[in-house]
Number of protein chains: 2
Amino acid sequence: MDLRTLRYFCALVQEGHFGRAAAKLGIAQPPLSRQIQNLEQELDVALLHRIKKRFEVTPAGLLLYERARRLLDGADQAQTDVRRAGAGDLGRLSLGFVHSTAFTILPGIISRFRRAYPDVELELREMLHNNLVPALESGSVDAGLLRPPINSRLLQVSTLIREPFLVLVPVSHRLAGRKSVNLKQLADEPFVLFSRAGSPLIHSRVVEMCLRAGFTPSTVQYADQIHTVAGFVGAGMGVGIAPATVASFNFTGLKCLQITDRPAALPMALAWRTGNASMLLRNLTRIARTAANAWSPAEPPKP
Amino acid sequence: MDLRTLRYFCALVQEGHFGRAAAKLGIAQPPLSRQIQNLEQELDVALLHRIKKRFEVTPAGLLLYERARRLLDGADQAQTDVRRAGAGDLGRLSLGFVHSTAFTILPGIISRFRRAYPDVELELREMLHNNLVPALESGSVDAGLLRPPINSRLLQVSTLIREPFLVLVPVSHRLAGRKSVNLKQLADEPFVLFSRAGSPLIHSRVVEMCLRAGFTPSTVQYADQIHTVAGFVGAGMGVGIAPATVASFNFTGLKCLQITDRPAALPMALAWRTGNASMLLRNLTRIARTAANAWSPAEPPKP
DNA sequence: GAATCTAATACCCGGAAGGTATTGAGATGG
DNA sequence: CCATCTCAATACCTTCCGGGTATTAGATTC
């Protein structure tokens, strides 16, 4: 009992006529007659009540017809779904991300991906960097948004955006009126710094760029996240250095100034396991690059 | 995409190994490899991620596996169900019956049939004789329990039981002590008669047997149903003649006497449309005959 | 590096599915 | 009432697909 035979039987029941059913199926009438006979023989059931060169469908035949219809519909559906899954516009994709991406590149990726692939279930999981990397390696997460450097030979990394740093000063600060500033001008300022524990990468980058400018920042306060840093600076506790995303939040009480030293920007990357050929992933990386191109640090996330 | 191919693919996914899957399927390994390749080609989807002589199932493959499992299960189920339907122990059967059978042969048939064929939905429809016959002819009812004569060339009739008639007398009656009675002895009695309108067959039979015994029954009261007749007799309104089933009700105030004249018994038959080869119907007729053999007029219906 | 295991490839064979021609039984219409 | 038409079944042929065996190529293991 294969699907072709069932298709034949359904056509026959629908048409009520061997010749028309055969024509509809694109075959000749004798093969259809034989297939139906074989089916009846295989099931050992009279599906048709043949009476005077015509026939009516027996109750068993009617039952088979209903079941066969459902099976055929299911098979068609399965086929199209599998095709779609293979093309990457049906399925499930889990995307891990570190907290800071939620304010930069992630929203644009999500909305674009959802629009382009509404039938892909995009599972979003906020994770710490150090948990996300092994999750990617093990395959429990398909793709991850996180900051390089990523030291794993199993993962492929594609940098999406590079966020420049900005200097934050309270509105009352002597430098608040300027558009840009040289780091050396901040040598004697009290600093609100990203903490080593909460944001080790940014912490080291900020300290490093200050050292390169010739001074060690004198820390008045540590903070874990960008909002906290901005809040402290806005409260007049000191100056700060933060990724450019901070400008898009419109915090009150502070000004954002460009840095003439042009220290190395902070990259944000998409990472996935090497050899993952899934079209879902491929589509996500494409979408991510598109979103990255449309992203600008000073503006709120685009659709 | 036919069921065989899906079966192959499922086995492969389950075994995770071409050789073992092929062995399980009872075929050699090369044909299996080829079938899977053909399937991938037909769907234009990579179902397996082949990596170093081993493979893992892609998301699309996993989706196909799930769908295929369901389809295969559905096909198996359909096959067994259709076989059962063909054998007559799965399906739906409608049985029409006239009121009077509900106290005689019908209960035994129902309980036996339900026990023997629990998966056949037995649809019971009480109908008037004159509606039941055309319903049988049109096929809207598969079988009918009713009293001959049935004048329809389209229907086949099988008499199940023959109910003798009994005489009913009030307990205070002069004949109440006897076991049997000759009809002639009732010539001058007031009669409670089945009405011509409500029970034409019994009415005519009773009148006929009285005429044959040499008298016309003088009617004191008409009644439509057996309960009413028995009630009136029990109330002392007169004597009556009724089918033997009356004895099984244990009405108070009356006695049931056999009739030495032995008038023709009242038949009850099963009827169905000629040429209906349904196994459901065949099973029902067999059950009905069994139930009829076990039936006795004086006792309450047997299981 | 030899042995072994696994999937893929090459090639052959048999059977099943499809096609054409025909039959035979009913229905139809003049 | 007979000729014709219709429709499913039968007979027979052809083709192609599924399965088998033998072999190859690549990877792992001892």
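Keep in mind that what you see is a predicted model, and the values were worked out from it rather than measured. Per chain, numbering begins at 1; letters A, B, ... match sequence-line order.
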Subject >> 5' to 3' contact window, DNA chain C with chain B (heavy-atom distance under 4.0 Å) >> reply: C/dT6 to C/dC11
Show which side-chain atoms of residues 149-161 of chain A pair as donor or acceptor with protein atoms under 3.5 Å away, not counting sequence neighbours.
from: A/Ser152; atom 1: OG; to: A/Glu137; atom 2: OE2; distance (Å): 2.4
from: A/Ser152; atom 1: OG; to: A/Leu154; atom 2: N; distance (Å): 3.3
from: A/Ser158; atom 1: OG; to: A/Arg289; atom 2: NH1; distance (Å): 3.1

Original post:
Should the heavy atoms of other residues, nucleotides or ligands under 6.0 Å from CZ of A/Arg20 be counted, would the total exceed 12?
Top reply: yes
Original post:
For B/Ser33 and B/Gln37, does a side-chain donor sit closer than 3.5 Å to a side-chain acceptor?
Top reply: no
Original post:
Is a side-chain N or O of A/Arg83 found less than 3.5 angstrom from the main chain of B/Leu43, in a donor-acceptor match?
Top reply: yes
Subject >> Rounded (10°) bend between the five-pair end axes of the helix from C/dG1-D/dC30 to C/dG30-D/dC1 >> reply: 20°
Original post:
Distance-only, no hydrogens or angles: does the A/Glu123 side chain make a donor-acceptor pair with backbone N or O of A/Arg92 under 3.5 Å?
Top reply: no
**OP:** Return the 5'-most residue of the pair A/Gln37, A/Arg54 with respect to DNA chain D, ranking by each residue's nearest nucleotide.
**Re:** A/Arg54
Original post:
Taking atom types as modelled and ignoring hydrogens, do the side chains of B/Asn293 and B/Thr290 form a donor-acceptor contact shorter than 3.5 angstrom?
Top reply: no
Original post:
For A/Leu280, does its backbone N or O pair with a side-chain atom of A/Ser278 as donor and acceptor, under 3.5 Å?
Top reply: yes
Original post:
Counting only heavy atoms not in A/Arg286, do more than 12 sit closer than 6.0 Å to its CZ atom?
Top reply: yes
Original post:
Will you find, in the side chains of A/Asn276 and A/Arg273, an N or O donor that is under 3.5 Å from an N or O acceptor?
Top reply: no
Original post:
Any side-chain heavy atom of A/Leu145 sitting closer than 4.5 Å to one from A/Val98?
Top reply: no
Subject >> Under 3.5 Å side-chain donor-acceptor pair for B/Arg69 and B/Tyr65 >> reply: yes
**OP:** Name the first nucleotide and the last nucleotide along DNA chain D (5' to 3') that come under 4.0 Å of a heavy atom in chain A.
**Re:** D/dC7 to D/dC12
Original post:
Can you tell if the side chain of B/His17 reaches within under 4.5 Å of the side chain of B/Arg54, non-hydrogen atoms only?
Top reply: no
Original post:
Between A/Thr5 (side chain) and A/Met1 (backbone), is there a donor-acceptor pair under 3.5 Å?
Top reply: no
Original post:
Is the backbone of A/Gly88 close enough, under 3.5 Å, to the side chain of A/Asn283 for a donor and an acceptor to pair up by distance?
Top reply: yes
Subject >> Of residues 1-13 of chain A, the positions that come close to DNA chain C - non-hydrogen atoms, cut-off under 4.0 Å >> reply: A/Arg4, A/Tyr8
**OP:** Without swapping roles, check the side chain of A/Glu40 against the backbone of A/Leu48 for a donor-acceptor pair under 3.5 Å.
**Re:** yes
Original post:
Got a sec? Which of residues 19-35 of chain B come in under 4.0 Å of DNA chain D, heavy atoms?
Top reply: B/Gly26, B/Ile27, B/Ala28, B/Pro30, B/Pro31, B/Arg34, B/Gln35
